[in-house]
Amino acid sequence: MGSRPRRSVYVPQEIEPKWQKIWDEHGVMKASDSSPKPKYYDLVMYPYPSGDLTVGHARNYVMGDVLARMKRMQGFEVLHPFGWDAFGLPAENAAMKRGGGLHPRTWTRENVAKGTRELKMMGILYDWDREVTSCEPDYYRWTQWLFLLMLERGLAYRAMAPVNWCPVDKTVLANEQVINGRCWRHPDVEVEKRDLEQWFLKITDYADRLLDDLALLDKWPHKVRVMQTNWIGRSMGAEVDFPVAGMAGESIRIYTTRPDTLFGATFMVLAPEHPLVERMTTDKHRARVREYVEKARKETEIERMSMERDKTGVATGGFAINPVNGEKIPVWVADYVLVTYGTGAIMAVPAHDERDFEFARRYDLPIRQVIAPPTGPRGVLREAYVGPGVMVNSGEFNRLGSAAAVERICDWLEAKGAGKRAVKYRLRDWLISRQRYWGAPIPVVYCPTDGIVPVPKEQLPVELPEEYKPLAEIPSFWRTTCPKCGGEARRETDTMDTFIDSSWYFLRYASPHDDSEPFDSELANHWMPVDQYTGGVEHAILHLLYSRFFTKVLYDAGLISVIEPFMRLFNQGMVKRFGQVMSKSAGNGVSIDELAGAQGADAGRIYEMFIGPPEEDVEWSDAGLNGVVKFLQRAWRLVLEPESIAAESGELGATVDGQALRRKVAQTVGKITEHYDELRFNTAVAFLMELANTMQDYLRGGGARDRVWEEAVRTLVKLLNPLAPHACEEMWERMGEKGMLADAPWPAFDAALAAEPKVVLVVQVAGKLRDRLEVDAGLSQDEAVKAALASEKVRAALNGRGLSKVVYVPDRVINLVP
RNA sequence: GUCGGCGUGGCGGAAUGGCAGACGCGCCAGCCUUAGGAGCUGGUGCCCGAAAGGGCGUGGAGGUUCAAAUCCUCUCGCCGACACCA
């Protein structure tokens, strides 16, 4: 290589802007609604426009882009849209904190422009014509429309709810704004609990379907399905009425998942807020009970929920009758019973419930065992036994297994009218009111004559006023007339939780400019469901559960034909640097400008895919990035060295080396296609590196630059294209290929071509590796045994012993067991 | 506390019952070069050995299997979610 040929040098700064412009002009990622091709809906969770986009955040968008680009080349009509989750507290907080007093709208729009530019710099292609921004009136008009749909369907209602109230700001705070029981803006001010009328969505009506349909989501991460299952928290049990002693016709209804332990109930507990507390309490106990209830009410949610604190409670002095045995048991009040779950009252079975056990110990209440463990000592319990066992001390149910007893006792309760089977959920209705400016106004008015009146749909949107101030302080906003009677009325001044905005945006992408409805049903049915949904695991419950809920409501309303929105879900890991999640504000971010200006967006893209398993958090390293740059440069040289362009024609696979190269190319096509599809990008990059290495070895070994070589080069460029699209388009053009690479067909996998004629057969003797033999592929077991026994090493290991067993896995391993 | 996940070379990781360590980083030796944070060649799990070769090895201990990083049981460590839901 004395006199080097003049090389074309890879300069990403020149080619990246060039191709970004061309893609933009050609509308490469524009999705056609009327294409005859099969559709593929590739969606990434739309972000909050923080203005903080780094290469770390971009990782997830690169994943979506790689998939979109491959699916396009594979002949799919790909919908790959983008938008902005622009409403809500984060945007408002950021505007206040970092925007120097900017209006949230101004701040948001600036960040959207910035973010769009940065995404384009990374070479990520979206159908920008379909961009949605949740804070713009042409979007939130339909968010409001959907609220009205919920209202019509009886799924939106107003109710009193205890909320976090900041006495200084005179506003309700979101849970996220309460830090250690104090207001986030006034660290010295404790948040109060207030009962206020709030809007709720009845997601609990859908609890069963949300739970049962998780079974359809077999391509979701197991973890997310488990989390949603637990969040919904369905439990089966019974409601039982315990008559109150001395109060005819009055009873305490409890809920239990363990009706088999009914005979073990030695006392009862009411939540402090339970309506019967006051009436149960005898005069002697009144003062203490009132004091306790008062104290419990004052405590914040945070204090009350804080674990590892001793259970407290007071006796009411009242008694109730256990319906199964007529026993009179004392009724207590304690704050470990929650008024918001079940019936707000429990029967306490200290022998078989850890919490009741702890409480009974503390207040010296009786403990009666009614389930005998199948094994182990009986007698005095040192702790609650919560497992199954045999019924004891339970009258006619004695000697039954506890599982059978559950059914028998439920039957008994139902026959006697003392109780019934019941299902309860941990899931609560969704509180959507926010006393905040930056959200979609809830479109109702309060009329002294007509009560709550929805704003007529044709009057939507209820637009946010220009002035940035709590809506309740803007009379020009809330002073209005009743749509029904025309009289003076007051507008709702709360806005909606931002999770409402994101519960339907994936439908809006189907018809983003529709100005007569939230989405065109036909188009939504065409594109839905989302084939691949990619985003952070932090949304495992809220966003994903709410979106599933909305989808089911819209299905019931006949507006859409799918019951689940997202078929396949993927949670990508985060990019860290110096041990912390990369972000501009943390000062450890690598900006997209920096990257593009130095190693180039393509190197960054490949690196982000190569850096580690896509679902794991990964540590950014500049050294690792350099390795990828070298790979990219090597690929560039392989493809564009002058000799490879001036290829000779020749017979396909004329030489042994040529055949091997063809085989490697075919194998790589198979593996890359599969691994991109399964989002296993780190291994996909490794296979491409292997291919490049093989190609380089081929040339070094004197391989001809014939048609086999040309085909290898073309295939390498195509397979690499989704990862490094700028470099690959440029190579494609310089190779003299016609048309854009983005439009070129994806290479087809040829299994016959990929098959290895010779394989290395591993020979084990009694499970220990003794030799490796190169043999023809597809050997029969007899042939394999013969080949193995021909080996000196194998014979030595067998040491003259015969074979008692042979295990043969064709083309991989043969295990000879003496 | 409960549930879920993860523990593999100096490092990121690969292999989901069949050759442990693909691919890359780093490191070592050499080549090329005026130069190298460029390029090329070879090597690189650990231990014994001059070598041939042998032994050991996927947090730890057992087990299932012809065969285990992979499946099961227990255990240790780390991470995440939920957290009195009766």
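Source: prediction; values computed, not measured. Atoms considered below: every heavy atom in the structure, side chains included; atoms not considered: hydrogens, waters and symmetry mates. In what follows, chains carry the letters A, B, and so on, assigned in the order in which the sequence lines appear, proteins first and then strands, with residues in each chain numbered from 1.
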key: Sugar-phosphate, base or nothing in reach of R812(A), heavy atoms under 4.0 Å   = sugar-phosphate
message = For a quick test of reading the model: is some side-chain N or O of R634(A) closer than 4.0 Å to OP1 or OP2 of C23(B)?
response = no
Flag for T683(A)-H675(A): side-chain donor and acceptor within less than 3.5 Å = yes
request  = Using whole Å, report how far CG of D622(A) lies from P of G26(B).
outcome  = 12 Å
message = Any heavy-atom pair between the side chains of E383(A) and R361(A) that's under 4.5 Å?
response = no
ask   = If only side-chain N and O atoms of T683(A) are considered, is one of them under 4.0 Å from the OP1 or OP2 phosphate oxygen of A22(B)?
value = no
query = Who is the Watson-Crick or G-U wobble partner of G18(B), with both distances under 3.5 Å?
reply = C66(B)
message = Under 3.5 Å for both donor-acceptor distances, Watson-Crick or wobble: does C32(B) have a partner, and if so which one?
response = none
ask   = For the side chain of D353(A), counting heavy atoms from C-beta on, which of C66(B), A86(B), G4(B) is nearest?
value = A86(B)
request  = Could you check which nucleotide pairs with C23(B) in any of the strands shown, counting Watson-Crick or G-U wobble with both distances under 3.5 Å?
outcome  = G12(B)
ask   = Is any side-chain N or O of N230(A) closer than 4.0 Å to OP1 or OP2 of U2(B)?
value = no
query = To the nearest 0.5 Å, how far apart are CE in M347(A) and CG in L262(A)?
reply = 4.5 Å
inquiry  = For G80(B) and N571(A) - does any side-chain N or O of the residue sit under 4.0 Å from the phosphate oxygens OP1/OP2?
reply    = no
ask   = Which base, if any, makes a Watson-Crick or G-U wobble pair with A86(B), both distances under 3.5 Å?
value = none
query = Between M227(A) (CE) and A81(B) (P), how many Å, whole number?
reply = 8 Å
ask   = R258(A) side chain N/O closer than 4.0 Å to the phosphate oxygens (OP1, OP2) of A86(B)?
value = no
query = Side chain of Y808(A), backbone of L779(A): donor and acceptor closer than 3.5 Å?
reply = yes
query = Has K223(A) got a side-chain N or O lying under 4.0 Å from the OP1 or OP2 atom of C6(B)?
reply = no
inquiry  = Tell me whether the side-chain N/O atoms of Q696(A) come closer than 4.0 Å to OP1 or OP2 in C40(B).
reply    = yes
ask   = Side chains of N230(A) and R426(A): donor-acceptor distance under 3.5 Å anywhere?
value = no
request  = Specify the separation, in whole Å, of atom CG of L719(A) and atom P of C23(B).
outcome  = 18 Å
ask   = G342(A) near the nucleic acid: base, sugar-phosphate alone, or nothing, with a heavy-atom cut-off under 4.0 Å?
value = nothing
task = Determine the interatomic distance between C1' on C71(B) and the same-named atom on G80(B); round to the nearest Å.
result = 25 Å
task = Pick base, sugar-phosphate or nothing for V226(A), based on heavy-atom distances below 4.0 Å to the nucleic acid.
result = sugar-phosphate
G42(B): syn or anti, per glycosidic angle within 90° of 0 = anti
remark   = Ranking L427(A) and L769(A) by the position along RNA chain B of their nearest nucleotide, the one closer to 5' is L769(A)
ask   = Is there a Watson-Crick or G-U wobble partner for G80(B) with both distances under 3.5 Å, and which nucleotide is it?
value = C3(B)
task = Nearest whole angstrom, please: distance from the P of A83(B) to the OH of Y336(A).
result = 20 Å
inquiry  = From CD of Q599(A) over to P of A38(B), roughly how many Å is that when rounded to an integer?
reply    = 13 Å
inquiry  = Can you identify which nucleotide, out of C66(B), A86(B), C25(B), has its nearest atom closest to the K630(A) side chain?
reply    = C25(B)
task = Give none if G37(B) has no partner; otherwise give the nucleotide forming a Watson-Crick or G-U wobble pair with it, both distances under 3.5 Å.
result = none
key: Distance in angstrom units between E616(A) CD and G12(B) P, rounded   = 12 Å
inquiry  = What is the separation between atom CZ on R225(A) and atom C1' on G5(B), rounded to the nearest whole Å?
reply    = 15 Å
key: Residue whose closest nucleotide on RNA chain B lies nearer the 5' end, Q764(A) versus P613(A)   = P613(A)
task = May I ask you to check whether D356(A) and Y336(A) show a side-chain donor-acceptor distance below 3.5 Å?
result = yes
ask   = Does any non-hydrogen side-chain atom of L427(A) lie less than 4.5 Å from one of L211(A)?
value = no
note = For G57(B), the nucleotide meeting Watson-Crick or G-U wobble distances (both under 3.5 Å) is none
